[in-house]
Amino acid sequence: MLDAFSRSVVSADAKTAPVGGTDLAGLRSYVSQGNKRLDAVNAITSNASCIVSDAVTGMICENTGLIQAGGNCYPNRRMAACLRDGEIVLRYISYALLAGDASVLDDRCLNGLKETYIALGVPTQSAARAVAIMKASATALIGETNSPASGGKRFRKMETTQGDCSALVAEAGAYFDRVIGAVA
Ligand SMILES: CCC1=C(C)/C(=C/C2=NC(=C\c3[nH]c(/C=C4\NC(=O)[C@H](C)[C@H]4CC)c(C)c3CCC(=O)O)/C(CCC(=O)O)=C2C)NC1=O
């Protein structure tokens, strides 16, 4: 598993070069924007159960066959496994966002996941849909673009210092897309 720092060392070593130039500039920005990154991670982790349960609910509302006999969220044992998988995926995305690198997500979560799903009959398009809904809510929480209308009774705005967090929203979004690309 790599992070922004070890990644720059690995790539410099592969070129037998010192860490410098754009790599150092990238790390400087990683450090100087560090508090924003921690706020973004917190936006995900402190809303995790809401993000996951809402996404799985939405996936089922769009495809109610999932909770009928023969559906992959039936019976409760499978429903629980599905919610647990949502929590796992979101947790690894939060690690990747913290590290500024996708390798922890790739190596410890996504590696072999599609094959596992196919072997178990977990519908990969539905799994991808749940992750897409998690992406929508997580990125709205990070960017504080969520609205009372979409949040309903559970509306919660993260109260962080206002500023430009578009790069972190995009980076987090890319990790969700990575999961979708790996399972779909
Ligand atoms: C460390 C990383 C890690 C991951 C990612 C992981 C995933 C994972 N999900 C599994 C099952 C499962 N995953 C789901 C998930 C779903 N079913 C649906 O219809 C939805 C589309 C979806 C939820 C969004 C279900 C229902 C099962 C149980 C399938 C079965 O036993 O028939 C299994 C088989 C073993 C088990 O049931 O516990 C694994 C290994 N395990 C890990 O250790």
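Treat the numbers as computed from the prediction; the structure is a model and nothing was measured. For ligands, and for the atoms within them, numbers begin at 1 and follow the listed sequence.
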**Student:** Among all residues two or more places apart in sequence or in another chain, which pass the side chain to side chain contact (heavy atoms under 4.5 Å, CB included) test with Asn47?
**Tutor:** Ile51, Leu141, Arg156, Met158
**Student:** Can you measure from CG (Asp23) to CZ (Arg7) and round to the nearest 0.5 angstrom?
**Tutor:** 11.0 Å
**Student:** If you count the non-hydrogen atoms of other residues, nucleotides and ligands that lie under 6.0 Å from CD in Glu159, is the total more than 12?
**Tutor:** no
**Student:** List the residues meeting side chain to side chain contact (heavy atoms under 4.5 Å, CB included) with Arg37, not counting sequence neighbours, and say none if there are none.
**Tutor:** Tyr30, Leu97, Leu168, Glu171
**Student:** Who else is in Phe155's hydrophobic cluster (ILVMFWY, side-chain heavy atoms under 4.5 Å, direct or via others)?
**Tutor:** none
**Student:** Find all protein N or O atoms under 3.5 angstrom from an N or O atom of ligand 1 and list the pairs with distances, or write 'none'.
**Tutor:**
| from | atom 1 | to | atom 2 | distance (Å) |
| --- | --- | --- | --- | --- |
| ligand 1 | 9 (N) | Arg84 | NH2 | 3.2 |
| ligand 1 | 9 (N) | Asp85 | OD1 | 3.1 |
| ligand 1 | 9 (N) | Asp85 | OD2 | 2.7 |
| ligand 1 | 13 (N) | Asp85 | OD2 | 2.7 |
| ligand 1 | 17 (N) | Asn72 | OD1 | 2.9 |
| ligand 1 | 31 (O) | Arg77 | NH1 | 3.0 |
| ligand 1 | 31 (O) | Arg77 | NH2 | 3.4 |
| ligand 1 | 32 (O) | Arg78 | NE | 2.7 |
| ligand 1 | 38 (O) | Arg84 | NH1 | 2.7 |
| ligand 1 | 38 (O) | Arg84 | NH2 | 3.2 |

**Student:** Can Arg78 and Tyr74 be counted as having a side-chain donor-acceptor contact under 3.5 angstrom?
**Tutor:** no
